[in-house]
Asker: 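One structure is given below, represented as structure tokens, and several questions about it will come after.
Residue numbers begin at 1 in each chain, while the letters A, B, ... track the order of the sequences.
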Amino acid sequence: MRKIIVVAGPTAVGKTEYAIRIAEEFNGEIVSCDSMQLYKYMDIGSAKPTPEEQARVKHYLIDEIDPKDDFSVALYMEKAKAAIEHIFSMGKTPIIAGGTGLYLNSLLYEMDFGKSKGSEEYRDKLYKIAKEKGNEALHKILQGISPDSAKRIHPNNVKRVVRAIEAIEIGENQLQDFSNVNVKTKDYDTMLICLNRNREELYDRINRRVDILINMGLLDEVKGLMKMGFTDADISMKGIGYKEIIGYFDGKYSLDEAIELVKRNSRRYAKRQLTWFKKYQDMKWFNLSESNIEDVLLWIKENK
RNA sequence: GGCGCCAUAGCCAAGCGGUAAGGCAGAAGUCUGCAAAACUUUUACGCCCCAGUUCAAAUCUGGGUGGCGCCU
């Protein structure tokens, strides 16, 4: 069988509570699929499950890495799969909960990340080309070595263009094979659930939650992280709620502006998440504006 | 009461006689090693209302309405 239950959904929709209820009901343990809750010390801004919530059901892949560490999908896949195996070994059901689409993909599809990690120097060199000669110039290089990738990646998406060139040049000289894009993994039998709400209600919840996070002490948390030596150059600090508050402390904007930005960026993020989740064909959607936990539990029971 | 200024999309705003820039918010989307990232697309049969001048008006003229400022 090896059934795993995935609980996806945009930020602030209510995933944490639903995942816990599902885990409690079906003898499960939760594997977080969230690129920010992975980091230690970033508790408030990433809206981690509280200690009380984590006491109800065991959570994996939370507080896993240091905000200074480099991380990637490939690493996530490794850790998550190990956690899933561990849960299976105890005869329990893994519940994958979170909103990071790419990470989720790494568990649902056969993804071969190859071996190329890339080198800083080479990467910098490529970025320099883009900066000095323009995005188009860099894109032309990619066109030269892989017309196919070049067609798929927009010239302005420098980050991607760089990654594509680097993957080919530094890698096994082997272009990543995209033919397996939609090959679903045979490792598990997955049940996909996406929670959503009416747009207005979702945005309202997001706005309100940001205010709550501020009241919970987000400012102090960010101040503490800055004291620990983390800066906006660290990827972890590019998370929503962190980069804006750092900007406030650096005098880039007023507190009100920073809070507004956190809200706006969270709203946009939620929209991108929904766009991503819409791709999954076999996803079961629940509009929490119209249904509740009982509906979800019942549906799982009937389709298990 | 008098004088002056202003009125363009949800918001900010350019245009000053030739057929509505741009930004923000919003919407849609892309995605195989930084993904809470990066990137793409999109938003006014109409410029407060009425009349006039003109081949042509958001742009000029007159009148209204609304707002702002100053003066008595």
Asker: Hydrophobic clusters join Ile, Leu, Val, Met, Phe, Trp and Tyr when side-chain heavy atoms are under 4.5 Å apart, directly or via other members; which others share one with A/L261?
Answerer: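 Traced through the cluster, A/L261 reaches A/Y253.
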
Asker: Looking only at non-hydrogen atoms, find the nearest pair between A/G241 and A/L218 and report the distance.
Answerer: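 That would be O-CD2, 3.7 Å.
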
Asker: Please determine if a side-chain N or O atom of A/R123 lies less than 4.0 Å away from the OP1 or OP2 oxygen of B/rC34.
Answerer: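 It does not, given that no N or O in the side chain of A/R123 lies less than 4.0 Å from OP1 or OP2 of B/rC34.
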
Asker: Would you say the side chains of A/T11 and A/R209 form a donor-acceptor pair under 3.5 Å?
Answerer: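 There is such a pair between these side chains.
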
Asker: Please report the distance, rounded to the nearest Å, between CG in A/D234 and C1' in B/rC34.
Answerer: 11 Å

Asker: Dot-bracket for RNA chain B, please. Rules: Watson-Crick or G-U, both distances under 3.5 Å, ( ) within the strand, [ ] when a pair crosses earlier ones, | for another strand, . otherwise.
Answerer: ((((((((.[[[..)..(...]]].(((((.......))))).....[[[[[..)....]]]]]))))))).

Asker: With salt bridge (Lys or Arg N to Asp or Glu O under 4.0 Å) as the test, pick out the partner of A/K92 among A/E85, A/E29, A/E24.
Answerer: A/E29

Asker: Could you go through nucleotides 29-31 of chain B and list every protein N or O atom that sits under 3.5 Å from one of its N or O atoms, giving the distance for each pair?
Answerer:
unit_1 : atom_1 : unit_2 : atom_2 : d
B/rG29 : OP2    : A/K278 : NZ     : 2.8
B/rC31 : O2     : A/R160 : NH2    : 3.3

Asker: Using the salt bridge (charged side-chain N to carboxylate O under 4.0 Å, His left out) rule, collect all pairs that involve residues 235-256 of chain A, keeping only residues at least two apart or in two chains.
Answerer: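 Qualifying pairs: none.
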
Asker: Could you give all pairs that pass the side-chain hydrogen bond (donor to acceptor under 3.5 Å, both in side chains) test and reach residues 212-227 of chain A, with sequence neighbours left out?
Answerer: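 Non-adjacent pairs meeting side-chain hydrogen bond (donor to acceptor under 3.5 Å, both in side chains): A/E221-A/Y242.
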
Asker: Between residues 199-224 of chain A and RNA chain B, which residues have a heavy-atom gap below 4.0 Å?
Answerer: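 By residue number: A/R199, A/Y203.
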
Asker: Are A/M283 and A/Y188 connected into the same hydrophobic cluster when the rule is that any two of I, L, V, M, F, W, Y join if their side-chain heavy atoms are below 4.5 Å apart?
Answerer: yes

Asker: Rounded to whole angstroms, how far apart are CG on A/N105 and P on B/rG33?
Answerer: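 Result: 12 Å.
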
Asker: Starting from C1' on B/rA35, measure out to CG on A/L107 and report it in whole angstrom.
Answerer: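 Distance, rounded to whole Å: 14 Å.
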
Asker: Taking CG from A/D69 and C1' from B/rA35, how many angstroms apart are they, rounded to a whole number?
Answerer: 17 Å

Asker: Taking only side-chain N and O atoms of A/R267, does any of them lie within less than 4.0 angstrom of OP1 or OP2 on B/rG26?
Answerer: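 For B/rG26, OP1 or OP2 has a side-chain N or O of A/R267 closer than 4.0 Å.
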
Asker: Where along residues 235-245 of chain A does a heavy atom fall under 4.0 Å from RNA chain B?
Answerer: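 Contacts with RNA chain B under 4.0 Å: A/I235, A/K238, A/G239, A/I240, A/K243.
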
Asker: How close do A/K184 and A/T190 get, counting heavy atoms only, and between which atoms?
Answerer: NZ-OG1, 4.2 Å

Asker: Quick one: side chains of residues 73-83 of chain A, donor-acceptor pairs under 3.5 Å with protein atoms, not counting sequence neighbours, listed by atom name and distance.
Answerer:
unit_1 : atom_1 : unit_2 : atom_2 : d
A/Y76  : OH     : A/S32  : O      : 2.8
A/K79  : NZ     : A/E64  : OE2    : 3.3

Asker: Starting at OH of A/Y127 and ending at C1' of B/rA37, how long is that distance when rounded to a whole Å?
Answerer: 10 Å

Asker: Mind jotting down which residue pairs meet the salt bridge (charged side-chain N to carboxylate O under 4.0 Å, His left out) criterion with at least one end in residues 126-147 of chain A? Sequence neighbours excluded, please.
Answerer: none

Asker: Show me the pairs that pass salt bridge (charged side-chain N to carboxylate O under 4.0 Å, His left out) and involve residues 268-281 of chain A, at least two apart or across chains.
Answerer: none

Asker: Using only modelled atom types and a 3.5 angstrom limit, is any donor from either the side chain of A/Y103 or the base of B/rC34 paired with an acceptor on the other?
Answerer: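 A donor-acceptor contact between them is absent.
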
Asker: Are the charged groups of A/R264 and A/E257 less than 4.0 angstrom apart, N to O?
Answerer: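 Between A/E257 and A/R264 there is no salt bridge, as every charged N stays at least 4.0 Å from the carboxylate O atoms.
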
Asker: Of all of residues 250-258 of chain A, which get a heavy atom below 4.0 angstrom from RNA chain B, listed by number?
Answerer: none

Asker: For A/Y39, is there any backbone N or O sitting under 3.5 Å from a side-chain donor or acceptor partner on A/K48?
Answerer: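 Side chain of A/K48 to backbone of A/Y39: a pair is present.
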
Asker: Could you check which residues of residues 38-52 of chain A get a heavy atom under 4.0 Å from RNA chain B? Sort them by number, please.
Answerer: A/G45, A/S46

